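So that the names make sense, note that chain A is the first sequence line, chain B the second, and so on, each numbered from 1. All of these numbers come straight from a predicted model, not from anything done at the bench.
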Amino acid sequence: MLSPFAKQVHKLLRTVPKGRVTTYKELANAMDTKAFRAIGQVMRSNPNAPNTPCHRVVSANGTLGGFMGEKSGPKVLKKIRLLKKEGTLVHGNRVVDFNRKLYKFQNPNR
DNA sequence: AGAGCACTGATCC
DNA sequence: GGATCAGTGCTCT
């Protein structure tokens with residue numbers, strides 16, 4: 001069961017074009033909230049994985065943060081590879097040209 | 001009801 | 001410059 005909050009997160013995430021990334025902060029900002037952690041929690045639960053590219057969400061400093069358990073096994077590497085294919089280059093634990101790939105939501109509040 | 005979390009910003013050292 | 005504290009809202013146990 002997805003809470004409206006989670007649903008909103010997914011929605012915003014889907015609005016992010018491929019080859020682009022976003023940050024928890026932006027998401028929270030777009031939702032007019034400050035619960036970055038809550039978002040992370042929802043992601044960790046991974047409600048609808050294929051529809052919710054959590055890997056497309058990164059920390060504000062451009063690092064992946066701790067996706068699938070911090071160390072991110074080969075699985076995430078694979079995802080990163082896919083991401084790379086899409087246009088999001090991830091170097092090690094960081095997004096290349098993060099500030100350039102960062103997608104900012106259009107929030108009337110800002 | 002309580003603890004935890006995939007964060008971030010500010011403060012402390 | 002790095003480490004720790006505090007704030008925040010939601011999910012899980």
Nearest-angstrom distance from the residue atom [atom1] of [X] to [atom2] of [N]:
{"X": "Asp32(A)", "N": "dG9(C)", "atom1": "CG", "atom2": "P", "value": "11 Å"}
{"X": "Gln8(A)", "N": "dC10(C)", "atom1": "CD", "atom2": "C1'", "value": "14 Å"}
{"X": "Leu2(A)", "N": "dC10(C)", "atom1": "CG", "atom2": "C1'", "value": "13 Å"}
{"X": "Arg44(A)", "N": "dA6(B)", "atom1": "CZ", "atom2": "P", "value": "5 Å"}
{"X": "Phe5(A)", "N": "dA6(B)", "atom1": "CZ", "atom2": "C1'", "value": "13 Å"}
{"X": "Leu27(A)", "N": "dC10(C)", "atom1": "CG", "atom2": "C1'", "value": "14 Å"}

Taking the hydrophobic residues Ile, Leu, Val, Met, Phe, Trp and Tyr, and joining any pair whose side-chain heavy atoms are under 4.5 Å apart, which ones share a cluster with Leu89(A)? Val96(A)

Are there more than 12 heavy atoms of other residues, nucleotides or ligands under 6.0 Å from atom CZ of Arg14(A)? yes

Between Ile39(A) and Phe105(A), is there a shared hydrophobic cluster once you connect ILVMFWY residues whose side-chain heavy atoms come closer than 4.5 Å?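 Yes; Phe105(A) is reachable from Ile39(A) via cluster members.
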
Would you indicate whether the side-chain heavy atoms of Val90(A) and Lys84(A) approach each other to under 4.5 Å?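 The answer is no; the side chains never approach within 4.5 Å.
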
Using a cut-off of 4.0 Å between protein heavy atoms and nucleotide atoms, how would you tag nucleotides 7-13 of chain B 5' to 3' with B, S and -? BSS----

Expected output check: what is the dot-bracket annotation of DNA chain B, where ( ) and [ ] are pairs inside the strand (brackets for crossing ones), | is paired with another strand, and pairs are Watson-Crick or G-U under 3.5 Å? |||||.|||||||

So if I apply the side-chain contact (heavy atoms from CB on, under 4.5 Å) rule between Thr88(A) and each of Val58(A), Ile80(A), Leu82(A), Leu83(A), which one comes out positive?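 Looking at Val58(A), Ile80(A), Leu82(A), Leu83(A), the match for Thr88(A) under the side-chain contact (heavy atoms from CB on, under 4.5 Å) is Leu83(A).
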
Under a 4.0 Å threshold between the charged nitrogen and the carboxylate oxygen, would Glu86(A) count as salt-bridged to Arg20(A)?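 Salt bridge: no.
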
Quick check against the 3.5 Å criterion: does Ser59(A) have a side-chain atom that pairs as donor or acceptor with the backbone of Gly62(A)?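 Checked: no pair found.
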
Note: Phe5(A) and Met31(A) closest approach over all heavy atoms is CE1-CE, 3.7 Å

